[in-house]
Amino acid sequence: MTSIADLPAVERLPYDIARIRRDFPILKREVASGAHLVYLDNAATSQRPVQVLAEITRFYRDHNANIHRAVHTLSVEATELYEQARSKVARFIGAADPREIIFTRNTTESINLVAHAWARKFLKPGDEVVVSEIEHHSNIVPWQMLRDERGITLKYIPMLPDGTLDLDAAQSIITERTRLVSITAMSNALGTIVPLDVITARAKAVGALVLVDGAQSVPHMPVDVQALGVDFLAFSGHKMLAPFGIGVLWGRLPLLDSMDPFMGGGDMISTVSMERSTWADVPAKFEAGTPNVGDAVALGAAVDYLTALGMDEVRRHEREITDYALRRLADVPGVTIFGVPDADRRGGVISFELEGVHPHDIGQVLDTRGVAIRTGHHCAQPVMLALNVPATARASFYIYNTTAEVDALASGLEEVARFFGVK
Ligand code: PMP
């Protein structure tokens, strides 16, 4: 395994939006209507830069082989690239050791891994798992399944009307019986940034573990697992410039060591006889079968790209765009923006409604102008229930978005408002 110290340093580049946009050829394309693409659906998935696309091609063209099991040159190279990617990810999130990085398919699989391999082993009826009302379904459903199967209690930290969490309530909801607090760092539906320090302090005071759903934080802001003092972190490559089908679970090494495997099969064993098997050490214990080698390597390239920009600069840029968008959209007749009104407490996600117009109609009219947003419940139906709306329209930003694109969104919405006669 490549140690973090052996990785080459990544050269820091100035934040040059024109240069960044040149790395994303898709941003130059036209959509069906002939309009120029304005991609504002980054919370669903990001675009991929040429550097990541090139890495995928390079891997399959020059190094492709199955990993870990052979002595031939290609297999050794592929193994090295795969393990290097693991180390890059470890360095990116401040992990103590590359073995703490488990490659999965996505955030959903990472959370399910913890529900199976940790919770099913260690939790008993009456133990409590605490999540919040603003979670993505992937951080609700696995715990409901566990509750129904094992008789644990599932509790929710409620959302306040402004889309933030009720932190006072959290103090009493997290109790001595709480074994795990599984919480998003940032809501994909509202953009709310959760004060993880407050939640973690309470969880630690009662001896509970903390799992952070980092699907919307790791791509968008500096994340350091040591500084956070949490126990697990789950995130997806596809929201941070990498391909679909590669995700990460980070966990503290002793915890991962104490857990049983998630899936059984090749690569995750130490010995197999006809009677029984013994397990490989982490991370192999949790990576049964042939992994997604090429996309893990490409995730390493995505991490290099973001590191070169600097995650503090990524956050600064998105904060600026979000601040501009909050002000610009507030001027459009009939628009109501959900969530906290200031860009300091939210990421680059803006959920809104336009009075009397169904979000799907907004999305469709905007698409004719090339503006890609998402409409629906955003896999966060409890948030929609709390807001008392069936769906919202959502614009979400990333490293390559510009204020001119926010203007395109706003003028598109003005047209929707005119078209539907909104005053
Ligand atoms: N959590 C959050 C906060 C998300 O935004 C998402 C993706 N929308 C997920 C979890 C699930 O990610 P994936 O579908 O990649 O597993």
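When a residue number appears, it is its place in the shown sequence, counting from 1. Ligands are counted one by one from 1 in listed order, and the atoms in each one are counted from 1 as well. All values below come from the heavy atoms of this structure, side chains included, with hydrogens, waters and symmetry mates left out.
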Item to check | Axial cation check for Phe397 ring with Arg319, 6.0 Å and 45° limits | outcome: no

Could you go through ligand 1 and note, for every N or O atom, any protein N or O atom closer than 3.5 angstrom, writing the atom names and distance to 0.1 Å, or 'none'?
| residue | atom | partner | partner atom | Å |
| --- | --- | --- | --- | --- |
| ligand 1 | 1 (N) | Asp213 | OD1 | 3.3 |
| ligand 1 | 1 (N) | Asp213 | OD2 | 2.5 |
| ligand 1 | 5 (O) | Gln216 | NE2 | 2.7 |
| ligand 1 | 8 (N) | His136 | NE2 | 3.4 |
| ligand 1 | 8 (N) | Lys239 | NZ | 2.7 |
| ligand 1 | 15 (O) | Ser236 | OG | 2.7 |
| ligand 1 | 15 (O) | His238 | NE2 | 2.7 |
| ligand 1 | 16 (O) | Thr107 | N | 3.4 |
| ligand 1 | 16 (O) | Thr108 | N | 2.9 |
| ligand 1 | 16 (O) | Thr108 | OG1 | 2.5 |

Next on the checklist: Run the ring pair (Phe, Tyr, Trp, His ring centres under 6.0 Å) test against His137 and tell me which residues pass, sequence neighbours left out.
Outcome noted: His377

Which side-chain N or O atoms in residues 285-296 pair as donor and acceptor under 3.5 Å with protein atoms at least two apart or in another chain?
| residue | atom | partner | partner atom | Å |
| --- | --- | --- | --- | --- |
| Lys285 | NZ | Leu256 | O | 3.1 |
| Lys285 | NZ | Asp257 | O | 3.1 |
| Lys285 | NZ | Met259 | O | 2.6 |
| Glu287 | OE1 | Tyr82 | OH | 2.8 |
| Glu287 | OE1 | Arg86 | NH2 | 3.2 |
| Glu287 | OE2 | Arg86 | NH1 | 2.9 |
| Glu287 | OE2 | Phe103 | N | 2.7 |
| Thr290 | OG1 | Asn66 | ND2 | 3.1 |
| Asn292 | OD1 | Asp295 | N | 3.3 |
| Asn292 | ND2 | Gly245 | O | 2.9 |
| Asn292 | ND2 | Asp295 | OD2 | 2.8 |

Next on the checklist: Tell me whether His36 contacts the main-chain N or O of Leu27 through its side chain, where contact means a donor paired with an acceptor under 3.5 Å.
Outcome noted: yes

Item to check | Cation-pi geometry met for Arg394 and Phe352 (6.0 Å, 45°) | outcome: no

In residues 177-190, what donor-acceptor pairs under 3.5 Å come from side-chain atoms, sequence neighbours left out?
| residue | atom | partner | partner atom | Å |
| --- | --- | --- | --- | --- |
| Arg177 | NE | Glu128 | OE2 | 3.0 |
| Arg177 | NH2 | Glu128 | OE2 | 3.4 |
| Thr178 | OG1 | Glu128 | OE1 | 3.4 |
| Thr178 | OG1 | Thr175 | N | 2.8 |
| Thr178 | OG1 | Thr175 | O | 3.1 |
| Arg179 | NH1 | Phe122 | O | 3.3 |
| Arg179 | NH1 | Asp127 | OD2 | 3.0 |
| Ser182 | OG | Asn139 | OD1 | 2.7 |
| Ser182 | OG | Asn139 | ND2 | 3.4 |
| Thr184 | OG1 | Met186 | N | 3.3 |
| Thr184 | OG1 | Met186 | O | 2.8 |
| Ser187 | OG | Ala189 | N | 3.1 |
| Ser187 | OG | Leu190 | N | 2.8 |
| Asn188 | ND2 | His378 | O | 2.9 |

